[in-house]
Enquirer: 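Okay, handing you the structure first.
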Amino acid sequence: MIWNEVKECMSRDEMRELQGRRLHKVVDYVYHHTPFYRRKLQEMDITPDDIRTVEDIVKLPFTTKQDLRDNYPFGLQAAPQSEIIRIHASSGTTGNPTIVGYTRKDIGVWSECMARCLTSYGVGRGDIFSVAYGYGLFTGGLGVHYGVETLGAAVVPASTGNTEKHVRLLKDLGVTGIACTPSYALHLAETMEKMGVSRDETKLRVGAFGAEPWTENMRKEIEERLGIKAFNLYGLSEIMGPCVSYECSAQHNSHINEDHYLPEIVDPVTLEPLPYGQQGELVFTTLTKEGMPLLRYRTRDLTSLEDTPCSCGRTSVKMTKIVGRSDDMLIIRGINVFPSQVESVLLSMPECAPRYLLVVDRQDNLDTLTVQVEVRQEYFDQGFDTLTPITELEKKISARLKSVLSISAKVQVKAPNSLERSEGKSKFVIDNRNIR
Ligand code: DLL
């Protein structure tokens, strides 16, 4: 089934023509409504009239997460505050989070795009669909929620946490579909096994998984243990949230909702555009967004694009699985974490030396973060070699990390000069998860 055949199956020529028209419109819109872009375009001597076709996109400036941080909170918002009806925030930077405001029309587009994804997974009216992404500032919960409602299926806003209760709900309500992170899906399977609930006691048949990278092996395991078809769902808050791209019945690469989000692949170093098939950094221009439209937003996600015909009948460009990032962002239990954020928390505490190591593991299908940090010599000399104060300091750091970054980390305080030094670039992160 296809939710919007006109948009999802239009010829490549028609799509490019539509994108060209919308691109002109969005450039005109930001030129007149976002001083940040007006200034940038004027500096580059570009007027909206210079942008008429998709090919003209190369003339436009890039936008980065740093731009959003520098203009916190509403500097890149184009719509007047009176038109904004929802505000989300993205975790994942030192200092200011990224704030995204949506107009009523934006929420409509988001819901439509999300309905396209869910239809593509085979979800429809009569389905009972549980959303186990976090509800709140994160876009996962509410984003999928509105898509399910738009589609006309019944949504169960389960959110995250309390997995045993969730398993009971799945069973008792006859839930047929679920959306959550792929690692949470495996945790759910494990909890079901521990509770003695077999996959045949549920009616689950489909899952929408994303917000973090996952592998074909994880897909096989999720499908086998939960007895479902597992589909990829990709998105990012700055562009909209979940719904930017989605897999279809072919379960091979993800169709981009490219009438709304215009994709490009660029070399992350030179920023030169790369052709289809070549791997590089994914860049999006929002074509219809009113609240916070973005030109050439650098996602930092590494992937490639392909426009070969798909067996499902959709004609939209597909992106391959995300193979990594061009920055050092980690995604731990679905939360974006930059090592520099952890560093700034550690350095705000006088006991900690600027020597640390983040170790990321996956235990029982849930990500764990261990932060090892050296204590400063002067504190060590005051008796930190005895067990009790170290435990107290570990607890204190752990609580600070939790309150500032919303992540739970196991903290190990180390003696001065005990963490391995390297000759070349210092290694701050060891990621033992095998997710590529
Ligand atoms: O993670 C939105 C989302 C929610 C997507 C629920 C899918 C499902 P952010 O918190 O802004 O938004 O994080 C965006 O997460 O740039 C990728 O690095 C990563 N990511 C999201 N989906 C996938 C996926 C949401 N399917 C960042 N595969 C993105 C790999 C993903 N990485």
Side-chain angles (χ1 to χ4, degrees), residues 63-65 68-69 88-93 97-100 102 110 113-114 117-118 120-121 129-148 159-160 177-185 207-216 218-219 222 230-247 251-257 261 263 268 281-284 286 292 294 297-304 318-338 341 367 405-407 431 433 435-436:
T63 311
T64 62
K65 206 170 183 108
L68 295 172
R69 288 174 55 201
H88 281 283
S90 164
S91 54
T93 44
T98 307
I99 304 295
V100 190
Y102 302 77
W110 187 1
C113 288
M114 202 48 238
C117 308
L118 292 160
S120 169
Y121 306 151
F129 197 91
S130 177
V131 179
Y133 286 117
Y135 278 66
L137 288 173
F138 178 54
T139 52
L142 282 169
V144 179
H145 182 108
Y146 271 59
V148 179
S159 197
T160 46
I178 184 168
C180 59
T181 60
S183 45
Y184 189 73
F209 305 114
E212 65 183 16
W214 54 309
T215 58
E216 279 309 313
M218 282 177 80
R219 187 201 311 261
I222 293 171
F231 295 94
N232 189 41
L233 171 64
Y234 168 86
L236 62 161
S237 348
E238 292 84 351
I239 295 302
M240 191 61 104
C243 81
V244 173
S245 75
Y246 53 99
E247 274 180 345
Q251 288 187 300
H252 181 67
N253 299 335
S254 300
H255 290 277
I256 296 174
N257 274 312
Y261 320 113
E281 184 178 324
L282 182 62
V283 169
F284 280 110
T286 62
M292 191 181 76
L294 294 180
Y297 182 70
R298 294 185 57 186
T299 65
R300 301 285 181 170
D301 290 323
L302 300 176
T303 179
S304 61
K318 292 209 252 182
M319 54 186 262
T320 56
K321 271 211 154 91
I322 305 292
V323 294
R325 304 221 3 127
S326 67
D327 61 11
D328 56 355
M329 187 179 91
L330 298 161
I331 304 182
I332 298 171
R333 294 192 183 204
I335 297 176
N336 306 344
V337 179
F338 285 90
Q341 280 180 298
D367 298 336
L405 307 179
S406 315
I407 48 164
D431 195 339
R433 299 171 297 178
I435 43 180
R436 280 195 191 123

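Atom set for the values below is all heavy atoms of this structure, side chains included, hydrogens, waters and symmetry mates excluded. All figures in this text were calculated on a predicted structure; none of them were measured in a lab. For ligands, and for the atoms within them, numbers begin at 1 and follow the listed sequence.
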Enquirer: Quick test: of every protein heavy atom, which one is nearest to atom 10 (O) of ligand 1, and how far off is it to 0.1 Å?
Expert: Asn336 ND2, 3.3 Å

Enquirer: Below a 4.0 angstrom heavy-atom separation, can you tell me which part of Val144, side chain or backbone, both or neither, approaches ligand 1?
Expert: neither

Enquirer: Could you measure the distance from the CE atom of Met329 to the OG1 atom of Thr299? Nearest 0.5 Å is fine.
Expert: 9.0 Å

Enquirer: Between Gly210, Gly141, Gly235, which one has a non-hydrogen atom sitting closest to atom 21 (C) of ligand 1?
Expert: Gly235

Enquirer: Looking at His255, His252, Arg219, which hits side-chain hydrogen bond (donor to acceptor under 3.5 Å, both in side chains) with Glu247?
Expert: Arg219

Enquirer: With respect to Arg325, determine whether any N or O atom, backbone or side chain, lies less than 3.5 Å from an N or O atom of ligand 1.
Expert: yes

Enquirer: Where's the contact between Asp301 and ligand 1, heavy-atom distance under 4.0 Å: side chain, backbone, both or neither?
Expert: side chain

Enquirer: Under a 4.0 Å N-O cut-off, is there an ion pair linking Glu216 with Lys321?
Expert: yes

Enquirer: When the ring centroid of Tyr121 is compared with that of Phe231, is the distance short of 6.0 Å?
Expert: yes

Enquirer: What residue among Leu68, Thr286, Leu282 forms side-chain contact (heavy atoms from CB on, under 4.5 Å) with Tyr297?
Expert: Leu68

Enquirer: Can you find an N/O atom of Ser237 closer than 3.5 Å to an N/O atom of ligand 1?
Expert: yes

Enquirer: May I ask you to say whether Glu238 pairs ionically with Arg298, meaning some side-chain N is under 4.0 Å from a carboxylate O?
Expert: no

Enquirer: Just need the protein heavy atom nearest to atom 7 (C) of ligand 1, so name the residue and atom and give the distance.
Expert: Ala211 N, 3.3 Å

Enquirer: Which heavy atom in Pro182 sits nearest to a heavy atom in Gly210, and how many Å separate them?
Expert: CD-O, 3.5 Å

Enquirer: Which of the numbered atoms in ligand 1 are under 4.0 angstrom from any heavy atom belonging to Gly140?
Expert: 4 (C), 6 (C)

Enquirer: Go through ligand 1 atom by atom and flag the ones less than 4.0 Å from a non-hydrogen atom of Ile331.
Expert: 15 (O), 18 (O), 19 (C)

Enquirer: Pick one of side chain, backbone, both or neither for how Arg300 approaches ligand 1, counting any non-hydrogen atom pair under 4.0 Å.
Expert: neither

Enquirer: Against heavy atoms of Asn232, which atoms of ligand 1 measure under 4.0 Å?
Expert: 24 (C), 26 (N)

Enquirer: Please determine if Leu233 has a nitrogen or oxygen closer than 3.5 Å to a nitrogen or oxygen of ligand 1.
Expert: yes

Enquirer: For a quick test of reading the model, state the closest non-hydrogen atom pair linking Tyr133 to Gly140 and the distance between them.
Expert: CB-C, 3.6 Å

Enquirer: Using a 4.0 Å cutoff against the non-hydrogen atoms of Ile322, which atoms of ligand 1 qualify?
Expert: 30 (C), 32 (N)

Enquirer: Examine Tyr102 together with His88 and report whether their ring centres are nearer than 6.0 Å.
Expert: yes

Enquirer: Which of the listed options, Met240, Met329, Met319, Glu212, holds the heavy atom that is closest to atom 24 (C) of ligand 1?
Expert: Glu212

